[in-house]
Structures are given as structure tokens and as C-alpha cells.
Amino acid sequence: KLIIVVILLLINNSKNIKLIFKNSLTKNTLFNLTTQGIADFAANKILPQSNSFIFYQTQTPQLHDLIINELMIKPDPVVGLANKEYIEIKNISKYFLSLKQCVIKDLTSFKNLPNLVLHPDSFLVLYDIPTLNNAGDHISLWNANQELIHQVSYTDQWYQDSIKSNGGWSIELKDQSQLCLKAENWAASIHPLGGTPGFENSIKQNLPKDRVGPQILSFEFENDSILNLKFNESFDSLSLNNLQVWVDKKSINFKIDSSKTKEQNMSLWLDFEVDKTKVQGFKISGLRACVGNMTSDSFDWQMLSLCQRQ
């Protein structure tokens with residue numbers, strides 16, 4: 001039980017009471033404050049009152065602390081919810097997240113998030129949002145430091161249902177632990193109302209874990225030094241910092257063209273002497289899938305035909 005010292009502020013007929021706690025309050029903990037025995041100048045005492053409060057220590061949302069969890073793209077014809085577009089976001093971190101100066105964007109506009117604190121494992125349904133395009137759109141969340149928190153590029157194929165895609169049904173995220181997955185991690189809600197704003201998703205589940213890192217599907221040379229790669233799955237962009245490249249078992253320097261490197265595609269500027277007359281071995285490692293699996297893949301190429309082309 002906390003022991004407090006109470007100072008009654010009477011300056012300028014103040015109605016405030018300042019509480020000074022003997023012990024420090026534990027941060028991010030729910031407290032119950034009970035007041036009793038307080039009287040006015042006519043000796044009228046208040047009835048005992050209790051109020052709950054939390055002494056917050058908030059965090060700025062970082063990558064994937066806060067996620068886009070559900071989208072109502074086409075609410076009409078209404079199934080059971082209001083005829084309004086909405087985006088549901090969820091705090092999947094263990095922190096109390098301050099949404100101050102956070103924004104939600106599409107490709108052409110943005111909206112500020114409300115200035116509030118979102119508790120761990122809680123939802124916020126946003127109705128004041130950029131207009132959601134029926135056929136597809138890119139939606140992203142950004143923190144106060146203009147750092148990306150989460151992004152989704154959906155299409156109307158994500159409903160996985162030709163009838164529900166006509167309207168009235170939201171699309172929901174299936175597995176929040178595999179955020180790099182695209183269409184396979186989303187589908188139309190199966191809730192009778194057409195969606196679950198503010199509640200757990202109706203299709204929430206644990207998808208099978210991918211045990212293999214990204215594999216190279218194809219490659220092509222844009223010119224003698226720019227190599228474009230396509231992978232069989234999306235990769236974690238943060239893992240690009242750990243990328244290593246070898247040619248004929250020799251480590252080489254390279255640069256990543258960020259404008260062409262996203263999801264399943266990568267573009268590299270290679271800094272090495274091309275031997276135009278022989279087959280050369282290429283190896284890449286350090287690339288990580290969204291679920292954490294690392295790749296170490298390789299292939300052979302021959303530059304002769306490309307370099308002689310005019």
C-alpha cells in the first residue's frame with residue numbers, strides 16, 4: 001500500500017490537490033486511487049471515490065510494433081457493419097505505443113493518427129483514412145521520426161473469394177508472425193457481420209512455417225555490371241545489410257539499387273572484372289526471408305553472348 005503526502009493547493013481558490021507518493025510508481029501499471037475524507041470549507045465531506053489510472057512510459061513505434069491488421073475496402077453493399085471504409089491497426093509489441101505524430105499513407109495522401117497511447121495487444125479502428133482503392137492500393141504506417149512501421153500492398157485478389165470481393169466484407173490478416181507474406185496471408189473475413197473491427201480476426205491462424213531461405217528463380221544482366229535477380233519469396237529488407245556476394249569463390253564489392261530492390265526483386269551493381277570468355281560462378285548469402293530463414297544460393301553465368309551484343 002502506497003503512503004502519500006497530500007498538499008492542498010489553496011492559492012487563488014484552487015480546487016486541485018497535489019499527491020506526492022512516498023514510493024515511486026511502477027511504470028505501465030494499472031493503479032486504483034481511492035479518495036475519502038476530503039471536505040470543503042463548510043465541512044461537507046465527499047463520499048469515497050475510486051479512479052483507475054496508468055502511469056505510462058511510452059515508446060515510439062518501431063518496425064512491426066504496430067501492424068495493419070484488417071481493411072474494409074468496399075463496405076457497400078452492407079453485410080452487417082456501417083457503410084464506412086476502415087483500417088484496423090494492432091499493437092503486437094510488449095510496449096505502450098505513443099501514436100503522437102504517426103501517420104498512415106497511401107500513394108497520394110496521408111492522415112495523422114490520433115494522439116493517444118495504444119496498449120499491448122490492443123486494436124485501433126481508423127475511419128479517418130486515405131480513400132482505399134477497390135482494385136488495389138499501398139498503405140503504410142510511419143512513426144514520428146518518419147520511419148516505416150508496416151506496409152501492405154493489397155489487390156482485390158486478396159479476398160480469395162469472388163463473391164465477397166463485390167463488397168460488404170473486409171480482408172483480414174491470418175498470421176501476424178509472418179508479415180512478409182503477401183496474398184497468402186490475407187483473405188476475406190468469415191464473420192457474419194462482414195468484418196471484426198476492434199476484435200481478433202475471424203481467420204486468425206498459425207500458417208505453416210517456411211523452413212528454407214529465399215531461392216533465386218531467375219537472373220538477367222541489364223548491362224555488363226548490373227545484375228537483376230528474382231527470388232521465389234519476399235525477403236526482409238533489413239537483411240540486405242548482411243548481404244554477401246561471391247564470384248568464382250571470391251568476395252566482391254557491390255551496391256544495391258534500392259529503387260529496384262523490394263519484395264522478390266533485387267538489383268545489384270557489381271564491382272569486378274568480367275571474364276567474357278568463360279562460365280563464372282555466382283553466390284549470394286545473408287538474405288533472410290520474413291520468417292527468419294537465411295539463404296545461401298548460387299548459379300553459373302556466361303557473359304560472352306551478352307558482352308558481344310551490340
Residues Asp175 and Lys204 bridged, charged N to O under 4.0 Å:
no

Just wondering, do [Y] and [X] contact through their side chains at under 4.5 Å, heavy atoms?
{"X": "Glu70", "Y": "Pro197", "result": "yes"}
{"X": "Leu99", "Y": "Leu124", "result": "yes"}
{"X": "Ile226", "Y": "Phe221", "result": "no"}

Is [X] reaching over with its side chain to a backbone N or O of [Y], donor-acceptor style, under 3.5 angstrom?
{"X": "Thr261", "Y": "Ser267", "result": "yes"}
{"X": "Asn143", "Y": "Thr60", "result": "no"}
{"X": "Asp248", "Y": "Lys250", "result": "no"}
{"X": "Asn91", "Y": "Ser122", "result": "no"}

Tell me the closest heavy-atom pair linking Leu113 and Leu126, and the distance in Å.
CD2-CD1, 3.5 Å

Nearest heavy atoms of His150 and Leu148, plus distance in Å:
O-CD1, 3.7 Å

Nearest 0.5 Å, what's the [atom1]-[atom2] distance between [X] and [Y]?
{"X": "Thr58", "Y": "Leu118", "atom1": "OG1", "atom2": "CG", "value": "12.0 Å"}
{"X": "Asp156", "Y": "Ile73", "atom1": "CG", "atom2": "CD1", "value": "8.5 Å"}
{"X": "Lys230", "Y": "Phe219", "atom1": "NZ", "atom2": "CZ", "value": "15.0 Å"}

Check this for me: Phe110, atom CZ, are more than 12 non-hydrogen atoms of other residues, nucleotides or ligands nearer than 6.0 Å?
no

Pairs involving residues 166-210, ordered by first then second residue, that meet ring pair (Phe, Tyr, Trp, His ring centres under 6.0 Å) (sequence neighbours left out)
Trp158-Trp186

Look at the rings of Phe31 and Phe53 and say which category their plane angle falls in: under 30° parallel, 30 to 60° tilted, over 60° perpendicular.
parallel

Is a side-chain donor-acceptor pair under 3.5 Å present for [Y] with [X]?
{"X": "Ser202", "Y": "Ser189", "answer": "yes"}
{"X": "Glu88", "Y": "Asn69", "answer": "yes"}
{"X": "Asn228", "Y": "Glu222", "answer": "yes"}
{"X": "Thr35", "Y": "Gln49", "answer": "no"}
{"X": "Ser109", "Y": "Asp106", "answer": "yes"}
{"X": "Ser50", "Y": "Thr34", "answer": "yes"}

Hydrophobic cluster identity match, Leu141 and Phe123, side-chain contacts under 4.5 Å
no

Applying a strict under-4.5 Å side-chain criterion to I, L, V, M, F, W and Y, I'd like to know whether Tyr159 and Tyr86 cluster together.
no

